[in-house]
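Worksheet for the structure shown next.
Residue numbers start from 1 in every chain, and the chains themselves are labelled A, B, ... in the order their sequence lines are given, proteins ahead of strands. Quantities reported herein were computed from a predicted structural model and do not represent experimental measurements.
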Number of protein chains: 2
Amino acid sequence: MRVSQRQKLAAAFRTRALRCTPPRYAVLDYLLRNPVHATAEEVFRAVNETDPRASRATVYNSLHALTRAGLVREVLLDGKAARFDANVHRHHHFVCERCGAVKDVAAWTALPRPPLAAFPAGSVVETYEVVFRGRCAGCSGATDLEERNG
Amino acid sequence: MRVSQRQKLAAAFRTRALRCTPPRYAVLDYLLRNPVHATAEEVFRAVNETDPRASRATVYNSLHALTRAGLVREVLLDGKAARFDANVHRHHHFVCERCGAVKDVAAWTALPRPPLAAFPAGSVVETYEVVFRGRCAGCSGATDLEERNG
DNA sequence: TTTTGTGCAAAAGGTTTGCATACGA
DNA sequence: TCGTATGCAAACCTTTTGCACAAAA
């Protein structure tokens with residue numbers, strides 16, 4: 001990691017009262033440089049390869065600490081593993097139902113406000129997310145038969 | 001289960017080439033009568049209480065068969081367990097970040113179409129879902145301190 | 001009679017926890 | 001020094017799998 005990059009991360013950590021520790025640098029640096037919505041396991045493998053002492057538990061701890069601090073966003077798109085995204089600006093996601101690829105969809109405009117009656121009375125909405133599902137370019141021509149044959 | 005209800009379910013099963021089996025009746029009937037976005041475990045406990053022979057694996061099998069047949073919708077709202085919803089009409093969800101309650105949000109209007117450029121080139125969007133997060137009526141006044149104290 | 005589903009137990013992910021040790025502030 | 005994070009292993013929870021048996025069509 002470049003010195004200047006580490007200094008940026010350290011500043012972000014300190015602003016949020018997060019301790020600066022090697023695994024936290026490594027986790028956030030990895031997510032920033034690999035904006036592919038990695039799972040915790042993928043982050044673990046990458047971080048652990050650089051520093052074999054880094055453990056799974058610590059990667060989970062770091063991901064949660066970074067998420068709580070607002071430096072990382074946890075994205076739940078399938079029933080398997082949570083994914084983590086260092087892009088915390090408002091945006092949505094497109095998921096390919098066939099190959100599982102996840103792509104960002106730029107936030108194009110605010111959602112039209114639904115009638116208040118649509119929400120449970122007294123509730124307060126803080127955020128919303130839109131998940132689009134379909135087939136990515138590489139999979140949109142493929143048939144189910146091809147899919148089954150790999 | 002009322003005879004007329006069972007006949008309705010049987011008709012729905014046959015239309016979709018699903019075999020009519022006791023666990024499938026029980027699972028779908030439970031979801032229809034308890035529109036609370038139950039987890040597989042909750043469905044299992046309810047079904048198993050009525051018929052102690054029903055197993056977890058069978059409840060999972062039934063949920064998946066019903067989902068594939070379009071009679072049930074699988075909803076992924078937290079990193080823990082999938083939830084199942086017998087309401088397959090287009091609608092969205094509100095999740096209370098504090099107590100985890102899930103409420104339906106009526107589909108009020110189509111989303112404005114995002115610019116095509118927002119999507120990966122060549123991709124085909126089939127569905128979308130919106131998840132609103134915030135605090136439900138019962139939790140919107142509670143502070144984090146109260147939350148910690150239980 | 002053929003095909004598909006069931007039920008049981010065991011295994012397989014993904015994630016969390018307990019605790020002694022190490023390290024940042 | 002004090003308080004928090006790390007690292008390891010084991011536990012946990014949800015979901016899947018393998019297989020013999022049972023039931024639906």
(message) Output the rounded distance in Å from CZ (B:Phe13) to P (C:dT4).
(response) 17 Å
(request) Please state how far atom CD in A:Glu42 lies from atom P in C:dT15, giving the value in whole angstrom units. (result) 11 Å
(request) Specify the angle, to 10°, made by the local axes at the two ends of the helix from C:dT1-D:dA25 to C:dA25-D:dT1 when five pairs are taken at each end. (result) 50°
(message) Could you check whether any side-chain heavy atom of A:Val72 comes within less than 4.5 Å of a side-chain heavy atom of A:Val27, counting everything from C-beta outward?
(response) no
(message) Using salt bridge (charged side-chain N to carboxylate O under 4.0 Å, His left out), reason through B:Glu97 and B:Arg133 one step at a time and then give a plain yes or no.
(response) CA-CA 6 Å; B:Glu97 298 277 62; B:Arg133 296 180 190 275; 3.8 Å; yes
(request) Check the side chains of B:Arg90 and B:Tyr128 for a donor-acceptor pair under 3.5 angstrom, ignoring hydrogens and angles. (result) yes
(message) For a 4.5 angstrom cut-off between non-hydrogen side-chain atoms, does B:Asn34 reach B:Glu42?
(response) no
(request) Using ring pair (Phe, Tyr, Trp, His ring centres under 6.0 Å) as the criterion, list what pairs up with A:His93, not counting sequence neighbours. (result) A:His37, A:His91
(message) Checking the side chain of B:Arg83 only, and the main-chain atoms of B:Thr39 only, is there a donor and an acceptor separated by less than 3.5 Å?
(response) no
(request) Give me the one residue out of A:Arg2, A:Gln5, A:Lys8 that meets side chain to side chain donor-acceptor pair (under 3.5 Å) with A:Asp29. (result) A:Gln5
(request) Please report, rounded to the nearest Å, how far the P atom of C:dA12 is from the CZ atom of B:Arg56. (result) 19 Å
(message) Rounded to whole Å, how long is the line connecting atom OH of B:Tyr60 with atom P of C:dG5?
(response) 19 Å
(message) Please identify the 5'-most and 3'-most nucleotides of DNA chain D with any atom under 4.0 angstrom from a heavy atom of chain B.
(response) D:dT14 to D:dA25
(message) Can you measure A:Glu41 atom CD to C:dT15 atom P for me and round it to whole angstrom units?
(response) 9 Å
(request) Indicate yes or no: at least one non-hydrogen side-chain atom of B:Val75 is less than 4.5 angstrom from one of B:Phe84. (result) no
(request) For each nucleotide in nucleotides 17-25 of chain C, reading 5' to 3', give B when a protein heavy atom comes within less than 4.0 Å of its base, S when such contact involves only the sugar-phosphate, and - otherwise. (result) B------BS
(request) Could you tell me whether A:Arg56 and A:Glu41 have a side-chain N and a carboxylate O separated by less than 4.0 Å? (result) yes
(message) Do B:Asp104 and B:Asp85 have side chains that approach each other closer than 4.5 Å (heavy atoms only, starting at C-beta)?
(response) yes
(request) Would you mind reporting whether A:Val102 and A:Phe94 have side-chain heavy atoms less than 4.5 Å apart? (result) no
(request) For the residue pair B:Arg73 and B:Thr67, establish whether any side-chain heavy-atom pair is separated by less than 4.5 Å. (result) no
(request) Would you mind classifying the nucleic acid contact of B:Thr39 as base, sugar-phosphate or nothing, using non-hydrogen atoms under 4.0 angstrom? (result) nothing
(message) Is the phosphate of C:dT15 approached by A:His64 (side-chain N or O, under 4.0 Å from OP1 or OP2)?
(response) no
(message) Surrounding CD of B:Glu49 (heavy atoms of other residues, nucleotides or ligands, distance under 6.0 Å), is the total greater than 12?
(response) no
(message) Quick one, B:Arg135 and A:Ser123 - any side-chain contact, counting heavy atoms below 4.5 Å?
(response) no
(message) Are the side chains of B:Val43 and B:Val59 in contact, using a 4.5 Å heavy-atom criterion?
(response) yes
(message) At 4.0 Å (heavy atoms only), tell me whether B:Ala65 reaches a base, stays on the sugar-phosphate, or touches nothing.
(response) nothing
(message) Does anything in residues 25-32 of chain A come within less than 4.0 Å of DNA chain D? Heavy atoms only, and list the residues if so.
(response) none
(request) Assess whether side-chain contact (heavy atoms from CB on, under 4.5 Å) is satisfied between B:Leu28 and B:Phe13, documenting all intermediate values. (result) CA-CA 10 Å; B:Leu28 184 51; B:Phe13 290 172; 3.7 Å; yes
(request) Using a cut-off of strictly less than 4.0 Å between a heavy atom of the residue and any atom of DNA chain C, enumerate the qualifying residues of residues 72-88 of chain A by number. (result) A:Lys80, A:Ala81, A:Ala82
